[in-house]
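Encoded as structure tokens, the structure appears first; notes follow it.
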Amino acid sequence: MAQEQRAQQQLQVYRAALESEIARFENIPRALQFHPVLLQALEQPDNNHASDKANRLLQQLADDTGVEALYLINAGGVTLAASNWHTPYSFVGQSYRFRPYFNDALNGNIGEFYAVGATTRTPGYFFGLHMSGQGGANGVLAAKITLKKLEQNWQLSGEKVLVVDKEQVIALASDTRLKFKTLAPLTTEARQRLELARQYTPMSLAPVTITRHGQQMQWQGRLYGTSELSLPRLQWRMQLWWPSRQLSLNATLLTTLTGFGLIVLLLLLLYWRQRRRYYRMQVKARCELEQQVTSRTAALAATNYQLEQQVQERTQAEARLRSMQHELIQINRLAALGQMAAGVVHEVNQPLTALRNQSVNTLLLSERGRYDEVKTSLQTMERLINRIARLTSQLKLFAATRRITKGQSDLHEALDNVMSWLSSRFTTQGIELCRQYSDTVQLPIELHALEQILANLLANSLDALDHHSQGTITVSAGPGWLQVRDNGPGIEPALQDKVTEPFFSTKQAGQGLGLGLSIVRDLAEASDGRLTIQHPPEGGILFHIDWSPHDQTPH
């Protein structure tokens, strides 16, 4: 059926617009999750200066990104700071413990919820993300966006578009008469769930008066056909009501028959007068048609201008968001560099102590004329110096934002160097390392970059195998490829495309910055390599890096 196909195509367009509008805001809380100003406000709720800085920061970010509101909530559900702190409808001091997005985010999940605002009475889409600070301080960073412009665009189209939630409540609609009505009477359990979350308070949620006629329905005296598409977010459904073709055919037929009868009657009575009347009707219809064309052209031009303005504003907001994310990546990268520097200082201390003792022994041997032993002692000192150089080189590699890392390095040498840093963890956790490669394997990447890749992949596997009995990590390699595999719990398929993004981590809050796999991917690509993540049939996870010049079947 042509009308049904057209309705399905139109629904695809409307669904894509709705998902795009929501998706362009969902990463804003994640970009601010570790901002020091917000963490200080969370850790020191009684510090007025810290709260004021957080208020002004959230206000500036909301103005720049177009978000309706950004606000920080403590573990008790009370708002500590908000972008609308200076307005009569300020969220500061308000409790949102009853909202599902707050509880989901506090439990470590991504909170999403659509509801009428408890403070502003303005409908909006809410995001929530868990935040944790020092001293056990926990909270939620939330964002609220409005979908009013989207509904206004639906109204301009002249079509009846609506979004229905899992409780049969019409959450969004192009016709205001349908919004916050229900397609079926609410059950007692459904109404209790909605009242507990205060999702649509104070809306009455009255049922829409609809009469069914087979596959069609009648509303407000008109027959409609319906088409529907599912929306994964919040278990929504999107519907399009279109005028029934059968009703149009009946109306056209009735009008034609009536007109024909009148024409025949008038021709029999007053033929000459009918000719003059027909001529006047033709002139009037032509004028009305010209007016309708002019009006519709003006409306389309206005709609096109609004769409151009929205595209321009959206492009500018996305550019600002990318710039903010880049600055946050650099700040957190420097913080991670400080942590690595502390670790390197600790590791360098032992060879420095050994080097000091060895130099004293060398002087004594020299004074006694035992030159063969002096030579051996100097060689030992050289090995200690080389070890210190390798440790400090990691700082140079990590501090660089992006550089070419192509070269040639010996995998056996790189893995031995990394194991000198991680061997204690392998021993403590009882993890077995299996090497499946020849001693002559050469890989097209700098030695320091290869050591950094191996260190991050092995550390991730050690973290995954923590408290795991009979844990095994296997390193395999050949000409132009490298694999690291473990028999741990693996990664959920839904998260596989996100784990290489900066600051995305599957670990508990405070146990990592989420930069390890991002660094591995950047170093591999800087040496013309490609990182892929696979799930072997026997379980665990497999990281594969391929430097071949064309796609090949994974080894």
Side-chain angles (χ1 to χ4, degrees), residues 21-97 99 101-102 104-106 110-115 117-134 137-148 313-314 316-332 503 509:
E21 184 70 11
I22 295 175
R24 74 188 184 101
F25 292 106
E26 65 179 342
N27 284 325
I28 292 178
R30 186 177 289 111
L32 302 172
Q33 187 177 13
F34 300 102
H35 199 288
V37 172
L38 301 180
L39 290 175
Q40 184 182 12
L42 180 64
E43 295 164 0
Q44 303 175 15
D46 297 328
N47 188 334
N48 294 332
H49 179 68
S51 299
D52 183 64
K53 288 176 61 179
N55 282 329
R56 297 185 185 279
L57 172 66
L58 294 175
Q59 179 187 358
Q60 180 64 43
L61 293 174
D63 293 340
D64 291 343
T65 58
V67 177
E68 179 78 6
L70 283 169
Y71 49 105
L72 178 64
I73 311 173
N74 66 13
V78 179
T79 304
L80 301 177
S83 59
N84 61 2
W85 62 276
H86 57 295
T87 67
Y89 299 100
S90 172
F91 292 175
V92 177
Q94 300 291 337
S95 176
Y96 299 109
R97 188 178 182 86
R99 290 298 200 190
Y101 71 85
F102 168 78
D104 290 344
L106 197 63
I110 302 297
E112 293 187 55
F113 191 60
Y114 180 83
T119 303
T120 63
R121 300 303 184 193
T122 302
Y125 200 99
F126 297 84
F127 300 100
L129 191 66
H130 179 262
M131 289 187 65
S132 61
Q134 296 180 354
N138 290 298
V140 172
L141 179 60
K144 176 186 177 183
I145 64 172
T146 178
L147 301 176
K148 287 183 179 179
E313 293 173 359
R314 185 174 301 174
Q316 293 174 352
E318 290 176 352
R320 288 194 296 268
L321 181 60
R322 285 194 297 269
S323 176
M324 291 168 56
Q325 185 178 19
H326 178 72
E327 292 177 1
L328 288 172
I329 288 173
Q330 291 302 108
I331 292 172
N332 283 276
F503 310 116

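All heavy atoms count here, side chains included; hydrogens, waters and symmetry mates do not.
For the pair Ser83 (side chain) and Ala69 (backbone), a donor-acceptor distance under 3.5 Å is absent. Side-chain atoms of Asn55 do not come within 3.5 Å of backbone N or O of Trp85 as any donor-acceptor pair. Looking only at distances, no side-chain donor or acceptor of Asn27 sits under 3.5 Å from a matching main-chain atom of Arg30. The main-chain N or O of Ala81 is never found under 3.5 Å from a side-chain atom of Thr79 such that the two would form a donor-acceptor pair. Side-chain N or O atoms of Thr120 include none that pairs as donor or acceptor with a backbone N or O of Gly117 at under 3.5 Å. Not a single donor-acceptor pair under 3.5 Å links the side chain of Asn74 to the backbone N or O of Leu80. In this structure, Glu43 contributes its side chain and Gln134 its backbone to a donor-acceptor pair below 3.5 Å.
When every heavy atom of Val67 is checked against every heavy atom of Ala143, the shortest pair comes out as CG1-CB, 4.2 Å. Taking all atoms of both residues into account, the shortest heavy-atom contact from Ala82 to Phe91 is CB-CB, 3.9 Å. What you find for Ile73 and Ala142 is that their closest heavy atoms are CD1-CB, 4.4 Å. Here the closest non-hydrogen pair linking Arg99 and Ala115 is NH1-CB, 3.5 Å.
When side chains are defined from C-beta on, Phe127 counts as touching Phe25, because their heavy atoms get closer than 4.5 Å. Using a 4.5 Å heavy-atom threshold, the side chains of Leu42 and Leu72 count as touching.
Here Asp104 contributes atom CG and Ile110 contributes atom CD1; the two are 10.0 Å apart, rounded to the nearest 0.5 Å. In this structure, NZ on Lys148 lies 7.0 Å from CD on Glu68, to the nearest 0.5 angstrom. Between the CG atom in Leu57 and the CG atom in Asp52 there is a gap of 11.0 Å [rounded to 0.5 Å]. Taking CG from Leu39 and CD from Gln33, the interatomic distance works out to 9.0 Å, rounded to the nearest 0.5 Å. Here the CD-OG1 distance, from Gln60 to Thr65, works out to 10.0 Å after rounding to the nearest 0.5 Å. The distance from the NE2 atom of His35 to the NZ atom of Lys53 is 9.0 Å, given to the nearest 0.5 Å.
Among residues two or more places apart in sequence or in another chain, the side chain to side chain donor-acceptor pair (under 3.5 Å) test is passed with Tyr114 by none.
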Quick one: do Met131 and Leu38 satisfy side chain to side chain contact (heavy atoms under 4.5 Å, CB included)? Show the steps, please.
-> CA-CA 9 Å; Met131 289 187 65; Leu38 301 180; 4.0 Å; yes

Please walk me through it: do Glu21 and Arg314 pass side chain to side chain contact (heavy atoms under 4.5 Å, CB included)?
-> CA-CA 9 Å; Glu21 184 70 11; Arg314 185 174 301 174; 2.9 Å; yes

Please report the C-alpha distance between Leu141 and Leu32 in whole Å, then the side-chain angles of each, then the deciding distance to 0.1 Å, and finally whether the side chain to side chain contact (heavy atoms under 4.5 Å, CB included) criterion is met.
-> CA-CA 8 Å; Leu141 179 60; Leu32 302 172; 3.6 Å; yes

Pair Phe126-Phe102, ring-ring contact (aromatic ring centres under 6.0 Å, His included): steps then yes or no = CA-CA 9 Å; Phe126 297 84; Phe102 168 78; over 10 Å; no

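Checked by atom type, the side-chain pair Thr119/Tyr96 shows a donor-acceptor distance below 3.5 Å. With no hydrogens or angles considered, a side-chain donor-acceptor pair links Tyr125 and Glu112 at under 3.5 Å.
Heavy-atom contacts from other residues, nucleotides or ligands closer than 6.0 Å to CG of Asp63 number more than 12.
The side-chain contact (heavy atoms from CB on, under 4.5 Å) with Leu321 is formed by just one residue from the set Asp64, Leu61, Ile28; it is Ile28.
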